Structure formats: C-alpha cells, structure tokens
Amino acid sequence: MAGEMRIVKDSLFAKYGLRCEVCKKEFSEEELTGHHIIMQCRGGPTTEKNILLACVKCHFEVINKIEYGTEEYWELMNECLKHRQKEEN
C-alpha cells in the first residue's frame with residue numbers, strides 16, 4: 001500500500017506541485033500526506049482522483065475534525081479540488 005501511495009503522490013506532485021490542497025501553502029514532499037477522499041474502509045482506492053494532498057497540520061486539524069460523509073466534509077473536498085478542474089481544462 002505504501003508503494004501505491006508513493007506513486008500516486010509523486011504523480012500529483014508532478015501535476016500540481018508541492019502544495020497543500022487545503023491551505024494552498026508550499027511544503028516539502030515529506031510534509032505532505034495523501035488523504036483518501038473516500039475512505040479506504042469504504043472502498044476508496046488509492047488513485048489520483050481519490051487522493052488529496054494535505055500538509056500534516058491541515059490533515060489533522062482541518063480534515064480529521066470534520067465528520068466523514070457530512071455535507072461539510074464534501075464541501076471541503078470539492079473546494080480543495082477546484083484547482084484541479086481548472087488546470088485540467
């Protein structure tokens with residue numbers, strides 16, 4: 001699993017840079033985590049479309065403080081990923 005996440009993160013770094021998709025600040029590769037948008041235990045794959053790059057602070061102090069699956073959670077995920085849609089078009 002760790003190897004799979006490394007491949008996905010490297011691909012996301014190449015496409016979008018070393019930036020937290022929550023706070024938009026730049027970090028080193030080691031400071032960015034891969035957050036499963038759809039949780040693995042709910043069948044979420046480790047793919048580019050299901051991984052959000054987040055700094056450690058945002059991962060634990062923002063994302064993990066919101067209950068998974070709530071409207072607030074999905075709004076945050078959609079807001080964080082807006083830049084991807086713009087860059088892909």
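Computed from a predicted model, the values in this text were never measured in an experiment.
Annotation: the span from Glu48 atom CD to Ile7 atom CD1 amounts to 11.0 Å, rounded to 0.5 Å. To the nearest 0.5 Å, the span separating NZ on Lys65 from SG on Cys58 amounts to 12.0 Å. Interatomic distance, Glu75 CD to Cys80 SG, rounded to the nearest 0.5 Å: 11.5 Å. Here the straight-line distance linking atom CG of Leu76 with atom CD1 of Ile66 works out to 4.5 Å at 0.5 Å rounding. Rounded to the nearest 0.5 Å, atoms CE (Met77) and NE2 (His35) are 4.5 Å apart.
Within the 3.5 Å criterion, the main-chain N or O of Leu53 finds a donor-acceptor partner in the side chain of Glu21. A donor-acceptor contact shorter than 3.5 Å is absent between the side chain of Asn50 and the backbone of Thr46. A distance-only check finds no donor-acceptor pair linking the side chain of Lys9 to the backbone of Glu4 [under 3.5 Å].
The two residues Tyr73 and His36 make their nearest non-hydrogen contact at OH-O, 3.6 Å. Minimum interatomic distance between Ala54 and Ile63 (heavy atoms only, all atoms of both residues): CB-CD1, 4.0 Å. The minimum heavy-atom distance linking Ile37 with Tyr68 is given by the pair O-CE1, 3.3 Å.
Other residues sharing the hydrophobic cluster of Val56, ordered by chain and number and joined by side-chain separations under 4.5 Å: Phe60.
Trp74 and Leu52 fall within the same hydrophobic cluster, where Ile, Leu, Val, Met, Phe, Trp and Tyr residues are linked whenever their side-chain heavy atoms come under 4.5 Å apart, directly or through other members. Residues Leu32 and Val8 are members of one and the same hydrophobic cluster, defined by side-chain heavy-atom contacts under 4.5 angstrom among Ile, Leu, Val, Met, Phe, Trp and Tyr.
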Notebook entry, point to check: Yes or no on side chain to side chain contact (heavy atoms under 4.5 Å, CB included) for Leu18 and Phe27, after CA distance, side-chain angles and deciding distance?
Noted result: CA-CA 6 Å; Leu18 297 173; Phe27 293 90; 5.7 Å; no
Check: Can you check side chain to side chain contact (heavy atoms under 4.5 Å, CB included) on Val22 and Cys55, steps first, answer last?
Finding: CA-CA 8 Å; Val22 181; Cys55 67; over 6 Å; no
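Judged as a side-chain hydrogen bond (donor to acceptor under 3.5 Å, both in side chains), the pairs with a partner in residues 22-33 (not counting sequence neighbours) are, in order, Arg6-Glu29, Arg19-Glu26, Ser28-Glu30, Ser28-Glu31.
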